2 protein chains.
Amino acid sequence: MNIGQAASASGVSARMIRHYEAAGLIPKAARAYSGYRRYDERDIHTLRFIRRARIAGFSTAQIKKLLLLWQDRQRPAREVKQLAAAHLSDLQTRIAELESIAHALTQLIAHCHGDERPQCPILDNLAGNGTAHE
Amino acid sequence: MNIGQAASASGVSARMIRHYEAAGLIPKAARAYSGYRRYDERDIHTLRFIRRARIAGFSTAQIKKLLLLWQDRQRPAREVKQLAAAHLSDLQTRIAELESIAHALTQLIAHCHGDERPQCPILDNLAGNGTAHE
DNA sequence: ACTAAACCTTGCCATCATTGGAAGGTCAAG
DNA sequence: CTTGACCTTCCAATGATGGCAAGGTTTAGT
């Protein structure tokens, strides 16, 4: 299987397959005589794993660890759970930050009449001219 | 005022002040005979505006527009409101995505016993199903 | 067999905001 | 006049991905 087939079979672009190889996430692919990279079902399986982990928001560094754990049949579930919990905690922090911003912005927008007049509490707030809403 | 003073007065690092200048967010600073950049209160005010807008999650492109609007005393509040609303919409989309991921991860973590045994629904899920690789 | 299309290779650039370092010039105080 | 804090510019890296270019390979159609 060439990289193109591996890409469509795994859902990971050929681009990113090469990238993951260079980044050490996956071992260097075997090469055909022509120099083309060769992939088998095992590789596709690994790529699908990576794709799902990316969708779940894991960083490449985290995925590297997850792959090691995945390939270790003796791994304790504890380690995986810890890694996932740390990631979940990150996610929740980010969510809270974004929600806080969204909340403030919602308030500002609600107080902006949004017509042709130049008065605008949104700009006033960014300018530091205080309290757009009480 | 040199760039260092401007940085501590505005809360924007000297590094980023130069960056914003190169990016066209702020006009090129006046220079002293020595080549040092000079800043006045007006510049500090602008830098504080930028800092607040960044904290609010606006992109530099959006901030560029906000600055133009801010400096235009005739601007209609409508335009500012539209820009802010578009940004809020982006924020809400991102929040929803992260929440969806966090929810799925929470489920997986809850079903992982997390002890010394190798069985782990988190890895199983990333691998594509109940049966892991091989 | 020849040719064109589709595929592969490597490598460099761009994004976005920010930080880091290196190499060198300038200013203020001792 | 030296030292150290400050400034200058340029170059690089982050993280994940996309784009393009120039060139080699394979495959399918004639």
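Only a predicted model underlies this, so the values are computations on that prediction, with no experimental measurement involved. In what follows, every chain begins at residue 1, and chains take the letters A, B, ... in the order their sequences are listed.
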Could you state the CD1-C1' distance from I3(A) to dG24(D), rounded to the nearest angstrom?
16 Å
Pairs under 3.5 Å (N/O, protein and nucleotides 13-17 of chain D):
residue, atom, partner, partner atom, Å
dA16(D), OP1, T60(A), N, 2.9
dA16(D), OP1, T60(A), OG1, 3.4
dA16(D), OP2, T60(A), OG1, 2.5
dT17(D), OP2, Y20(A), OH, 3.0

Backbone N/O of P76(A) and side chain of E79(A): donor-acceptor pair under 3.5 Å:
no
Value in whole Å for how far the C1' atom of dC16(C) lies from CD1 of I63(B)
12 Å
What's the CZ-P distance between R18(A) and dG11(C), to the nearest Å?
12 Å
Between the main-chain N or O of L25(A) and the side-chain N or O of K64(A), is there a donor-acceptor pair closer than 3.5 Å?
no
Does the side chain of P121(A) reach to within under 4.5 Å of the side chain of Q107(A), using non-hydrogen atoms?
no
Within a reach of under 6.0 Å around CD of Q71(B), are more than 12 heavy atoms found that belong to other residues, nucleotides or ligands?
yes
Test item: N2(B) side-chain N/O and Q5(B) main-chain N/O as donor-acceptor pair under 3.5 Å
no
Atom CD of Q5(A) and atom P of dA6(C) are separated, to the nearest Å, by 15 Å
So, using salt bridge (charged side-chain N to carboxylate O under 4.0 Å, His left out) as the criterion, who are the partners of R117(A) when residues are at least two apart?
D115(A)
Is the shortest distance from a Lys or Arg side-chain nitrogen in E21(A) or R37(A) to a carboxylate oxygen in the other one below 4.0 Å?
yes
Answer yes or no: is there a side-chain heavy-atom contact under 4.5 Å between H87(B) and L105(A)?
yes
Residues touching DNA chain C, which here means a heavy atom under 4.0 Å, drawn from residues 22-51 of chain B
S34(B), Y36(B)
